[in-house]
Amino acid sequence: AAPAKAAPLAAPEAGFAQSPTGLQSKEISRPDGMERLATNVLKAGDYIRVDYKLYVDGFGKTLVESTDKTGPVEFQIGTGAKQGSTGMKKVKDVVKIPAGLDEACIGQVVGLKQQLIIPASIGFGKEPVTTLSGATIPAGSTLYYEMRVRSRVFASIVGPGGVALQENFLEVDQVAKLNAIMGVGQD
């Protein structure tokens, strides 16, 4: 028997680019010149912090989670991580990370703001998910994220077992200062 063909992807929303997995993304803003220096580009293995608002039913409709309330979400990108931690306190809450959010961050830069439409196949799939705020995301839901890459720890300074050898994340303003010292992004 011939292998089943994947269902064709729906056309992307107006203004959105679509990846082969069905992830749709729309860049809202990007810091000037950040990609001129290779160390500014996020790669697999980096730990990042992301601020986001998560909606079901479309942007600006049913808000089910917001880092305005929980604090930024921290996770390792490009490794298939299914969860991250949230908040700035020592004991952090665990939050599920959809594969589409992970995919959207690879190759991007600290400070990037974008909107994402994540289909269930690379979202939370066929199981309902309860958020930290107590809302339930129905099984098979398309996810709508407004997100910003807030900071990162380079993969090269993370030790065995994911133990960060760098104590602090480089926040957006710190990356900008480092770039200014190095003359990156100066026209």
Ignoring hydrogens and angles, tell me if any N or O in the side chain of [X] forms a donor-acceptor pair with the backbone of [Y] under 3.5 Å.
X	Y	value
Gln108	Val149	no
Thr67	Tyr52	yes
Glu74	Arg49	no

Kindly compute the distance separating [atom1] ([X]) from [atom2] ([Y]), expressed to the nearest 0.5 Å.
X	Y	atom1	atom2	result
Asp57	Leu143	CG	CG	11.0 Å
Leu42	Ile106	CG	CD1	7.5 Å
Ile97	Lys82	CD1	NZ	11.0 Å
Asp93	Thr86	CG	OG1	6.5 Å
Gln24	Gln115	CD	CD	11.0 Å

What is the minimum heavy-atom distance between [X] and [Y], and which atoms define it?
X	Y	result
Arg152	Val110	CG-CG2, 3.5 Å
Ser25	Leu116	CB-CD2, 3.7 Å
Asp46	Val41	OD2-O, 4.2 Å
Cys105	Ile48	SG-CD1, 3.6 Å
Leu112	Pro31	N-CD, 3.9 Å
Asp51	Pro72	OD1-CB, 3.5 Å

Under the rule for ring-ring contact (aromatic ring centres under 6.0 Å, His included), what residues qualify as partners of Phe75, not counting sequence neighbours?
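Phe75: no ring-ring contact (aromatic ring centres under 6.0 Å, His included) contacts found.
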Worksheet entry | CA sep, side-chain torsions, deciding dist, call: Val73, Leu101, side-chain contact (heavy atoms from CB on, under 4.5 Å) | CA-CA 11 Å; Val73 170; Leu101 182 59; 5.8 Å; no
inquiry  = Under the rule for salt bridge (charged side-chain N to carboxylate O under 4.0 Å, His left out), what residues qualify as partners of Asp102, not counting sequence neighbours?
reply    =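 Not a single residue meets the salt bridge (charged side-chain N to carboxylate O under 4.0 Å, His left out) criterion with Asp102.
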- Message: Once salt bridge (charged side-chain N to carboxylate O under 4.0 Å, His left out) is applied, do any residues pair with Lys53, and if so which ones, sequence neighbours excluded?
- Response: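 Once residues adjacent in sequence are excluded, the partners of Lys53 under the salt bridge (charged side-chain N to carboxylate O under 4.0 Å, His left out) criterion are Asp68.
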Review point. Listed by chain and number, what are the side-chain contact (heavy atoms from CB on, under 4.5 Å) partners of Lys113, not counting sequence neighbours?
Key: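 If we apply the side-chain contact (heavy atoms from CB on, under 4.5 Å) test to Lys113, skipping adjacent residues, the hits are Ile28, Ser29, Arg148.
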Check your understanding: Among all residues two or more places apart in sequence or in another chain, which pass the side chain to side chain donor-acceptor pair (under 3.5 Å) test with Gln114?
Key ->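 Expected list: none.
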- request: Show your reasoning for whether side-chain contact (heavy atoms from CB on, under 4.5 Å) applies to Val95 and Thr70.
  value: CA-CA 10 Å; Val95 63; Thr70 64; over 6 Å; no
| query | Given a cutoff of under 4.5 Å between side-chain heavy atoms of I, L, V, M, F, W and Y, with clusters grown through shared members, what are the other residues clustered with Leu63? | reply |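 Joined to Leu63, directly or through intermediates: Phe16, Tyr55, Phe59, Ile117, Tyr144.
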Are any non-hydrogen side-chain atoms of Gln83 and Lys96 less than 4.5 angstrom apart?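 A side-chain contact is absent here, since even the closest heavy-atom pair is not under 4.5 Å.
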Under 3.5 Å, sequence neighbours excluded: what are the donor-acceptor pairs made by side chains of residues 122-132?
unit_1 : atom_1 : unit_2 : atom_2 : d
Thr131 : OG1    : Val64  : O      : 3.1
Thr131 : OG1    : Ser133 : N      : 3.4
Thr131 : OG1    : Ser133 : OG     : 2.9
Thr131 : OG1    : Ala135 : N      : 3.2
Thr131 : OG1    : Ala135 : O      : 3.4

